[in-house]
Protein chains: 2
Amino acid sequence: MAEVKSPVNLLFLRDDDLRQGIELLFFAYRDFTAKADETLLQYGFGRAHHRVIYFVGRNPGMTVSELLDILKITKQSLSRVLGQLVRQGFIVQRPGSTDRRQRLLSLTDRGAELERKLTEEQRALVAKAYRSAGAEAVEGFRKVLLGLINETDRERFTPRTQR
Amino acid sequence: MAEVKSPVNLLFLRDDDLRQGIELLFFAYRDFTAKADETLLQYGFGRAHHRVIYFVGRNPGMTVSELLDILKITKQSLSRVLGQLVRQGFIVQRPGSTDRRQRLLSLTDRGAELERKLTEEQRALVAKAYRSAGAEAVEGFRKVLLGLINETDRERFTPRTQR
DNA sequence: ATTTTATGTCAGCACTGTTGACTTATTTTT
DNA sequence: AAAAATAAGTCAACAGTGCTGACATAAAAT
């Protein structure tokens with residue numbers, strides 16, 4: 001099925017093209033989260049816990065505010081899951097060195113282990129999709145998703161400029 | 001767009017590449033749903049209502065079972081939102097002609113109007129992302145997302161073979 | 001006539017989001 | 001030094017959306 005004729009010709013976007021994109025996002029996200037959700041159940045956790053564990057693992061020593069900015073939820077919502085994770089020994093908090101009001105977050109060994117387990121499943125799925133689609137497609141995937149993300153958060157993905 | 005040339009065909013996928021993909025999906029989906037969620041609030045509805053309205057609009061006359069298959073939720077969960085939408089006149093049910101146990105679903109005018117309003121926001125966002133990324137990128141986006149979707153649902157996206 | 005299927009309903013529970021009100025440390029500003 | 005702002009947390013109540021389990025009804029299939 002000759003792909004050279006690229007179905008979407010820049011300026012001519014039919015309703016069906018856009019709806020297909022919408023549906024792809026729905027189905028892909030649904031399946032992307034399905035497996036980790038199962039694993040989380042075994043720990044009595046939900047998707048919110050995964051997000052916290054993921055981003056803390058990714059940014060050790062981050063503050064609660066930074067985490068709130070990423071998740072875009074209220075501190076009361078975060079407090080619930082974060083509290084559980086701290087009490088159950090998946091995350092530790094230590095006061096900031098310059099600003100002692102801050103509670104810098106990082107994973108414990110146990111937290112890191114769970115993070116690995118959860119993310120492993122998603123990494124494998126993404127790896128499979130990347131491989132079957134090819135390097136060029138991955139580049140396109142990145143470009144389009146980036147375009148869906150609000151300008152502020154988009155810069156999280158800019159190459160090497162430290163934030 | 002010669003796909004054979006993919007620079008590294010057996011992609012060398014570093015942990016960071018995969019994590020970037022994971023994060024792109026998270027942020028993109030978060031922002032992709034944000035606007036419609038706001039609109040839904042004005043109607044006292046949630047994201048689940050949107051999904052129902054969307055898929056019923058897309059497949060007029062579909063059965064409840066088909067809808068359940070797509071959403072992958074229980075009938076009790078669906079029942080709640082579907083019931084609300086029916087009682088409030090966004091969706092109508094009529095018995096199937098060959099199998100009168102079925103309740104075929106379709107949008108009322110009011111439902112179609114809401115569907116348009118909601119999906120319009122997402123269509124606009126996808127259109128923007130598509131345009132800024134370019135036709136080739138869109139093709140890649142499709143390929144990768146398709147690879148994330150389970151095999152069974154993947155065929156919803158195969159070109160013209162009716163299912 | 002019996003069983004299966006399509007659909008719905010009631011009840012209760014869990015997770016995750018919200019708002020609002022208030023507290024405690026600490027830092028910043030005046 | 002006093003006042004104000006900030007980082008973080010807490011309690012309470014509520015809403016939306018999943019889930020399981022149990023049961024009901026009508027129609028179709030066997």
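So that the names make sense, note that chain A is the first sequence line, chain B the second, and so on, each numbered from 1.
Taking atom CG of A:D69 as the reference point, atom C1' of D:dA7 lies 12 Å away to the nearest angstrom. Nucleotide C:dT3 holds its C1' atom 11 Å from the CZ atom of B:R101, rounded to whole Å. Rounding to whole angstrom units, CG of residue B:D99 and C1' of D:dT25 are separated by 14 Å.
Residues of residues 73-92 of chain A having a heavy atom closer than 4.0 Å to DNA chain D, listed by number: A:K75, A:Q76, A:S79. Remark: B:G44, B:G46, B:R47, B:A48, B:H49, B:R51 in residues 32-51 of chain B come within less than 4.0 Å of DNA chain D through at least one heavy atom.
OP1 and OP2 of C:dT27 both lie 4.0 Å or more from every side-chain N or O belonging to A:Q102. Contact between the side-chain N/O atoms of B:R100 and the OP1/OP2 oxygens of D:dA28 is found at a separation under 4.0 Å.
Not less than 6.0 angstrom separates the ring centroid of A:Y29 from the ring centroid of B:F32.
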Give the intermediate values and the outcome of ring-ring contact (aromatic ring centres under 6.0 Å, His included) for residues A:F90 and A:F45. CA-CA 12 Å; A:F90 292 89; A:F45 291 153; 5.4 Å; yes

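When all heavy atoms of A:L146 and A:R154 are compared, the pair lying nearest together is O-NE, 3.0 Å. Across all their heavy atoms, B:L82 and B:Q93 have their closest contact at CD2-NE2, 4.1 Å.
Checked by atom type and distance alone, the side chain of A:R51 never pairs as donor or acceptor with a backbone atom of A:I70 at under 3.5 Å. Distance alone, capped at 3.5 Å, is enough to place a donor-acceptor pair between the A:D17 side chain and the A:R14 backbone.
The residues A:R156 and A:D69 are annotated as not salt-bridged, no charged nitrogen and carboxylate oxygen being separated by less than 4.0 angstrom.
Residue B:E66 is out of contact with every strand shown, counting any heavy-atom pair closer than 4.0 Å.
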